[in-house]
Amino acid sequence: IVSQNQLVIFPEGKINKNRKKVNFKQGLFRLAKLASKKGTAVHIVPIGIAYSRMNPRFRDKCALCIEKPLNLNDFDEFSIYEFNNFLRERINSAEMNALSFLGR
């Protein structure tokens, strides 16, 4: 029986409130590769999350920008480092779009 469950991972490993460059952990790529080798189609969805304030409070506005999913098979020749850099660029772009939606 094949399960169609989804797994959500934040590759930064923590919340980044100060917009500094954060190195992505290797776990996302490794888990995705392992699932792919076991026959699961793996799609990674870059999402940008932004809040109306740098330190959000209860009931502050937030915005999500969801980018086009990445098919892991398209990255067979990529190293973990290369893939993480590509994913970071996509997530940063999504986050900038979310921030602009909030006027930040």
Side-chain angles (χ1 to χ4, degrees):
I1 297 174
V2 176
S3 173
Q4 296 298 316
N5 295 326
Q6 297 178 5
L7 175 65
V8 177
I9 296 176
F10 293 89
E12 303 93 329
K14 62 181 180 178
I15 295 172
N16 183 10
K17 291 184 180 180
N18 53 17
R19 304 273 311 134
K20 290 183 181 175
K21 183 178 175 183
V22 176
N23 291 326
F24 283 11
K25 306 297 182 189
Q26 296 181 3
L28 170 68
F29 189 76
R30 290 178 184 217
L31 286 172
K33 282 290 194 183
L34 180 62
S36 183
K37 285 180 184 177
K38 293 189 176 213
T40 301
V42 177
H43 299 277
I44 298 171
V45 182
I47 298 175
I49 304 170
Y51 298 94
S52 55
R53 291 187 242 204
M54 185 157 315
N55 291 312
R57 296 184 187 146
F58 183 68
R59 296 193 183 214
D60 275 354
K61 292 180 182 180
C62 72
L64 296 175
C65 180
I66 302 169
E67 294 283 325
K68 180 180 174 185
L70 307 174
N71 185 332
L72 191 64
N73 292 333
D74 295 339
F75 298 91
D76 283 342
E77 303 301 318
F78 279 52
S79 69
I80 292 174
Y81 177 78
E82 292 168 326
F83 177 79
N84 280 348
N85 281 338
F86 182 83
L87 181 60
R88 182 185 303 108
E89 288 175 15
R90 294 287 300 274
I91 290 174
N92 286 348
S93 174
E95 186 176 342
M96 293 307 292
N97 287 335
L99 284 167
S100 68
F101 182 77
L102 294 169
R104 285 191 50 204

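Residue indices begin at 1 and follow the sequence shown.
Residues that satisfy the side chain to side chain contact (heavy atoms under 4.5 Å, CB included) test with Leu64, not counting sequence neighbours, are Ile47, Ile49. Residues that satisfy the side chain to side chain contact (heavy atoms under 4.5 Å, CB included) test with Arg59, not counting sequence neighbours, are absent from this structure.
Within the model, atoms CZ of Phe101 and OG of Ser52 stand 11.5 Å from one another, a figure rounded to the nearest 0.5 Å. Atom CG of Asp60 is separated from atom CG of Leu102 by 9.5 Å, given to the nearest 0.5 angstrom. For the atom pair CD (Glu95) and CZ (Arg104), the distance works out to 8.5 Å, reported to the nearest 0.5 Å. Note that the NE2 atom of His43 and the CG atom of Asp74 stand 9.5 Å from one another [nearest 0.5 Å]. Atom CG of residue Leu31 and atom CG of residue Leu72 lie 11.0 Å apart, to the nearest 0.5 angstrom.
With contacts defined as side-chain heavy-atom distances shorter than 4.5 Å, the pair Phe24/Ile91 qualifies. In this structure the side chain of Glu82 never reaches within 4.5 angstrom of the side chain of Glu77, judged on heavy atoms. A heavy-atom distance below 4.5 Å is found between the side chains of Phe29 and Ile80. Counting only heavy atoms from C-beta outward, the side chains of Phe75 and Ile44 never approach each other to under 4.5 Å.
Of all heavy-atom pairs spanning Ala35 and Val42, the tightest one is CB-CG2, 3.9 Å. The shortest heavy-atom contact between Glu67 and Asn97 is OE2-ND2, 3.9 Å. Counting all heavy atoms, side chain and backbone alike, Ala98 lies closest to Gly48 at CB-O, 3.9 Å.
Between the side chain of Arg90 and the backbone N or O of Lys68, at least one donor-acceptor pair lies under 3.5 Å.
Among residue pairs with one or both ends in residues 28-37, those qualifying as side chain to side chain donor-acceptor pair (under 3.5 Å) are Gln26-Arg30, Lys33-Asp76; sequence neighbours excluded.
The aromatic rings of Phe86 and Phe78 sit perpendicular to each other, their planes meeting at more than 60°, with 30° as the lower class boundary.
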